[in-house]
Amino acid sequence: MKSIFGRPLLWSRADSVALLIFGLVVAYVAWQVLLLPFIGYANSYDFLRQSSCTGLWQFIDGVDKTHGNYLFPSRFLQFDGDIRSDVCMRSADNVFPWLATLFHEPGEILSFWQVAIWKLGFLCIGTVLLLMYAGRLRLPLCVIFAVLFTDWAYLAYANTLYMEFSVVVATFLALSTGVCLLVLGERPGHGLLGLSVFALVWLGMSKQQYAPMAAMLSWLFALVVWLRWRIGQVVLLYVGLGGGLLFAFSLMNPSSTELMRTIDQANKTNTFFGAVLPAAADKPAALRLLGLPDECLADIGSSWLSKEGHRPCPAVAQVSRMKLLALFVSQPRTLLVPMYRITLGAKPLYPDYLGVIEPGDAEAAQGKLELVRTMSLSTWLSGLPPRLYVGLTCLGLLGGGLAFLILLRSFRDRDGISAGKAPLAVLSLGAFASLYALFSSVFGDGYIEMSKHAVIFGVGLTFQVVAAAWWFWLMASGWTWRA
């Protein structure tokens, strides 16, 4: 059997198991996302940023289409063609609602499944391509796919106009192709490289917060390709891609627009005055180091919306986040306390302040919701006692760093990393994603909507949990064989 690029596809019993898992998961995903009763997150107001680009808006009787509604979602959308470029957030995720509108005229009412089905198609096609080129990694990567996309916390984003579903899928594909680059022995083919580049581009153009993560992964993949195969053209491709991804989202959404200026000032206010400065032992010194006036001292502890009619310390809009590095060195609490709080605040691993079922079908939807929650890893991780949860998180992050150092010794092995070390690649990339999600969330927007902003934290945890289970399985298999 050959791939579309002519390379033979070797198939084993483990690959057959992976294919069976994939089919079952796709059926489960379709049941949860596309079939009633409806499960999806309510609109916190942020639907506006995507609706303004496509003219596809929420439809709830008695609720203005531009207003948020935290209490419950609606499975209906109204397509009126009302484009508002001044509040439009351009993103790769705009593609899905745009595709849904191609088959309708302004004035029609759509169901959310007509948007979600495009998202699920994107997920399935990407995963099929991944499994085609994953070689001996098909089964472990399919297990990650199964654990991640049977989790209701991430699937519920498919039935929303939030951009998080694109972020989750693109991160899964990017990390998975990275595992292949780290582990497989053969030179990466055009198919794997193409999927890797596509996933990184989609991630970098989905949401501003994760554009730097896409760039960092690009540079990491460049390093891996250079150390393992010395393929100069591919290295240059990844290096150039990383540089472009740093600016791609900003080019689509220029910082000079009123929307982006307001978002930037709100995020900086929440970061500096809501998270960082309250943790400082010497607050006046911290203000001076950041270049903020003394009169802003009274605003420490405030957020963008905490004082009605008053925006805390407007001078914060001119402060660069790079100044935080000096503050972290002079007062380490300003780093450690926010990181500790965001780790706790990301739990539960879904935005529990948003309704997820419609009031008209509450009884049936509640039964479905309880079932999908029980089957989700995020539910069990969120149920851990706080100290154990934080301890395991720290252990996973430290273990991921150590795993990457161990892998560095194996990068020149052109025959690929041994089976015993393969889980280290999954662990290290999962730890990187979790750490980035926590850091970028708290130092990007403070303690606002922590579980939603840090959505990739849970994705990284999924990689780490599967890596740990894989390693223990390998150990147990070795012990059984020796016995």
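All figures in this text were calculated on a predicted structure; none of them were measured in a lab.
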Donor-acceptor check, side chain of [X] to backbone of [Y], threshold 3.5 angstrom: yes or no?
| X | Y | result |
| --- | --- | --- |
| Ser302 | Asp299 | yes |
| Asp361 | Ala365 | no |
| Ser451 | Leu349 | no |
| Ser428 | Ala425 | yes |
| Ser382 | Pro348 | no |
| Lys368 | Gln32 | yes |
| Arg49 | Val87 | no |
| Thr462 | Gly458 | yes |
| Asn94 | Ser91 | yes |
| Gln318 | Ala315 | no |

Any luck finding a side-chain donor-acceptor pair between [X] and [Y] under 3.5 Å?
| X | Y | result |
| --- | --- | --- |
| Gln209 | Ser441 | yes |
| Gln58 | Ser74 | no |
| Gln208 | Asn253 | no |

Could you check whether any side-chain heavy atom of [X] comes within less than 4.5 Å of a side-chain heavy atom of [Y], counting everything from C-beta outward?
| X | Y | result |
| --- | --- | --- |
| Ile456 | Tyr210 | yes |
| Tyr340 | Thr343 | no |
| Trp152 | Val356 | yes |
| Met260 | Met89 | yes |
| Glu164 | Lys207 | yes |
| His67 | Tyr45 | no |
| Arg138 | Leu19 | no |
| Phe22 | Val128 | yes |

To check you understand the geometry: which heavy-atom pair defines the closest contact between [X] and [Y], and what is its length?
| X | Y | value |
| --- | --- | --- |
| Cys180 | Leu137 | CA-CD1, 3.8 Å |
| Ile231 | Pro188 | CD1-CD, 4.2 Å |
| Ala437 | Ala454 | O-CB, 4.0 Å |
| Phe79 | His104 | CE2-O, 3.4 Å |
| Leu161 | Pro97 | CD2-CB, 4.3 Å |
| Gly126 | Leu195 | O-CD2, 3.9 Å |

Could you give the side-chain donor-acceptor pairs of residues 197-206 under 3.5 Å, partners two or more places apart or in another chain?
| unit_1 | atom_1 | unit_2 | atom_2 | d |
| --- | --- | --- | --- | --- |
| Trp202 | NE1 | Ser166 | OG | 3.0 |
| Ser206 | OG | Trp202 | O | 2.5 |

Quiz item: cation-pi between [X] and [Y], 6.0 Å / 45°:
| X | Y | answer |
| --- | --- | --- |
| Arg341 | Tyr447 | yes |
| Lys347 | Tyr389 | yes |
| Lys65 | Phe59 | no |

What about the rings of [X] and [Y], do their centers lie closer together than 6.0 Å?
| X | Y | value |
| --- | --- | --- |
| Phe76 | Phe112 | no |
| Phe172 | Phe149 | yes |
| Tyr162 | Tyr41 | no |

Show, in sequence, the C-alpha distance, side-chain angles and deciding distance for Lys452 and Asp46, and conclude whether the salt bridge (charged side-chain N to carboxylate O under 4.0 Å, His left out) test is met. CA-CA 12 Å; Lys452 181 170 171 287; Asp46 285 350; 3.6 Å; yes
Could you walk me through whether Tyr238 and Ser196 pass the side chain to side chain donor-acceptor pair (under 3.5 Å) test, one step at a time? CA-CA 10 Å; Tyr238 276 124; Ser196 173; 2.8 Å; yes
Reference residue Arg84; test salt bridge (Lys or Arg N to Asp or Glu O under 4.0 Å); the match among Asp80, Asp86, Asp82: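 Filter result, single survivor: Asp82.
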Identify whether the distance between the nearest side-chain nitrogen and carboxylate oxygen of Glu258 and Arg261 falls below 4.0 Å.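 Salt bridge flag = yes for Arg261 with Glu258.
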Apply side chain to side chain donor-acceptor pair (under 3.5 Å) to residues Asp64 and Thr66 and explain how you reach the verdict. CA-CA 5 Å; Asp64 189 279; Thr66 64; 2.5 Å; yes
For residues 267-278, please give each side-chain donor-acceptor pair under 3.5 Å, one per line with the distance, not counting sequence neighbours.
| unit_1 | atom_1 | unit_2 | atom_2 | d |
| --- | --- | --- | --- | --- |
| Asn267 | ND2 | Ile263 | O | 3.4 |
| Lys268 | NZ | Ala317 | O | 3.1 |
| Lys268 | NZ | Val319 | O | 2.8 |
| Thr269 | OG1 | Gln265 | O | 2.8 |
| Asn270 | OD1 | Trp304 | N | 2.8 |
| Asn270 | ND2 | Ala266 | O | 3.1 |
| Asn270 | ND2 | Asp445 | OD1 | 2.7 |
| Thr271 | OG1 | Asn267 | O | 2.8 |
| Thr271 | OG1 | Gly444 | O | 3.3 |
| Thr271 | OG1 | Asp445 | N | 3.2 |
| Thr271 | OG1 | Gly446 | N | 3.4 |

Worked verdict on Met163 versus Tyr157 for side chain to side chain contact (heavy atoms under 4.5 Å, CB included): CA-CA 8 Å; Met163 300 166 186; Tyr157 283 112; over 6 Å; no
Trace of the salt bridge (charged side-chain N to carboxylate O under 4.0 Å, His left out) decision for Arg136 with Asp15: CA-CA 8 Å; Arg136 60 189 172 95; Asp15 296 330; over 6 Å; no
Leu397 and Ser434: CA distance, side-chain angles, deciding distance, side chain to side chain contact (heavy atoms under 4.5 Å, CB included) verdict: CA-CA 8 Å; Leu397 297 180; Ser434 291; 4.0 Å; yes
For Val29, run the side-chain contact (heavy atoms from CB on, under 4.5 Å) check against Thr150, Leu34, Leu155 and tell me which one passes.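 It is Leu155; the other options fail the test.
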Pick out which of Ile60, Ile357, Leu354 makes a side-chain contact (heavy atoms from CB on, under 4.5 Å) with Phe72.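 By the side-chain contact (heavy atoms from CB on, under 4.5 Å) criterion, Phe72 pairs with just one of Ile60, Ile357, Leu354: Ile60.
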When you look at CH2 of Trp380, are more than 12 heavy atoms from neighbouring residues, nucleotides or ligands closer to it than 6.0 Å?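 It does not: Trp380 CH2 has 12 such atoms or fewer within range.
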Might you confirm whether atom CH2 of Trp98 has over 12 heavy atoms from other residues, nucleotides or ligands at distances under 6.0 Å?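 At most 12 heavy atoms, drawn from other residues, nucleotides or ligands, come within 6.0 Å of this atom.
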Measure the acute angle between the ring planes of Tyr70 and Tyr353, then classify it against the limits of 30° and 60° as parallel, tilted or perpendicular.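 Tyr70 and Tyr353: tilted rings.
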Run the numbers on Leu384 and Leu381 for side chain to side chain contact (heavy atoms under 4.5 Å, CB included), then give the verdict. CA-CA 6 Å; Leu384 295 175; Leu381 292 177; 4.3 Å; yes
Can you list everything that forms a ring-ring contact (aromatic ring centres under 6.0 Å, His included) with Tyr154? Sequence neighbours excluded, please.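 ring-ring contact (aromatic ring centres under 6.0 Å, His included) list for Tyr154, sorted by chain: empty.
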